[in-house]
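Notes to accompany the following structure.
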Amino acid sequence: SKAKLFDQNTEVKTSFKDVAGLEGAKEEVQEIVDFLKYPEKYTTLGGKIPKGALLVGPPGTGKTLLAKAVAGEAKVPFFSLSGSDFVEMFVGVGASRVRDLFKQAKEKSPSIIFIDEIDAIGRARGKNAMSGSNDERENTLNQLLTEMDGFGTNTNVIVLAATNRADILDKALMRAGRFDRQIFVDLPDVRERKEIFEVHLRPLKKAENLDLDFLSKQTPGFSGADIANVCNEAALIAARNGKKAVDKQDFLDAVDRIIGGLEKKNKIIT
Ligand code: ATP
């Protein structure tokens, strides 16, 4: 089967309502929504609209969700690809894929390009590693830099990229006119976890005895993705047990199961 070049979504339904917590990050990306919607407001005064921003934070904290919400709020098309797919699937053609991606995004501008796991292509260029795949990665990275530098002030394509390892990125990526803004997306605190539960409980049939404050307290260290998992798992457990609504015990069982899964995952890594 042919590997997909990138995803293109011209009618993004995600909005800021789908993103719980992350108040600071939402405020920062609101500015980007404004740039996309009213570029003239900024350019008439001689300002340059930023070309890129880096979303930095642990896995599952909503970086992809937030990027999509920017596109949804601004009502612009969303082009996305993952850095790891790039390196794994497109051997020999990385640079031309980047060129195609930017070409499409420019044709559909205003638009958003989202690059998940940018560290896979944007790792600092090593002095010693001389393998072929590394050359490939560098060509891809160089093409990305070239494309961003080539944007005119009125291109109106904004590139968002996500990473959980900003420290290992090539500094060239962060230079002025490239990803010169960093937006931090952190793990949720107890209050934010409650808000995330509220979002993911919306589609569920809930029992009366659900206590969100309790659940939020029971889930320290959980990411938004983990909480989404808990809610879905709880619904499946309730269904398996023939219940009419998802209750407190289903949630506790789901939390246990997710914690078990997280522990297993950590064991494999270490
Ligand atoms: P990764 O670094 O692993 O790609 P990410 O930070 O991009 O992760 P997302 O893919 O955006 O995380 O999150 C996965 C899912 O978790 C989302 O689709 C959503 O269902 C849920 N989620 C994560 N964060 C939030 C949040 N702040 N509010 C609501 N849902 C969230």
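When a ligand or atom number is given, it counts from 1 through the structure's own listing order.
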- request: Return the set of residues passing salt bridge (Lys or Arg N to Asp or Glu O under 4.0 Å) with Glu195 (not counting sequence neighbours), or none when no residue passes.
  value: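 With neighbours one apart ignored, the set is Arg191.
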message: I'd like to check the salt bridge (Lys or Arg N to Asp or Glu O under 4.0 Å) partners of Lys171; sequence neighbours left out, ordered by chain and number.
response: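 With sequence neighbours excluded, Lys171 shows a salt bridge (Lys or Arg N to Asp or Glu O under 4.0 Å) to no residue whatsoever.
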field: Inter- and intrachain pairs under salt bridge (charged side-chain N to carboxylate O under 4.0 Å, His left out), touching residues 248-258, at least two apart
entry: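 Sorted result for residues 248-258: Glu233-Arg257, Lys243-Asp250.
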task: Sort out the contact shell of ligand 1: every protein residue with a heavy-atom distance below 4.0 Å, listed by chain and number.
output: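 Residues Asp18, Val19, Ala20, Leu22, Pro59, Gly60, Thr61, Gly62, Lys63, Thr64, Leu65, Asp116, Ile196, His200, Gly224, Ala225, Ala228 each place a heavy atom under 4.0 Å from ligand 1, listed by chain and number.
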query: Of all heavy-atom pairs between Lys26 and Val19, which one has the smallest distance, and what is that distance?
result: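 Scanning both residues completely, I find the closest heavy atoms to be NZ-O, 2.6 Å.
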- prompt: Do Asp119 and Thr163 have side-chain N/O donor and acceptor atoms under 3.5 Å apart?
  reply: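 Yes.
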Donor on one side chain, acceptor on other, Asp149 and Thr146, under 3.5 Å: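 No, no side-chain donor-acceptor pair sits under 3.5 Å.
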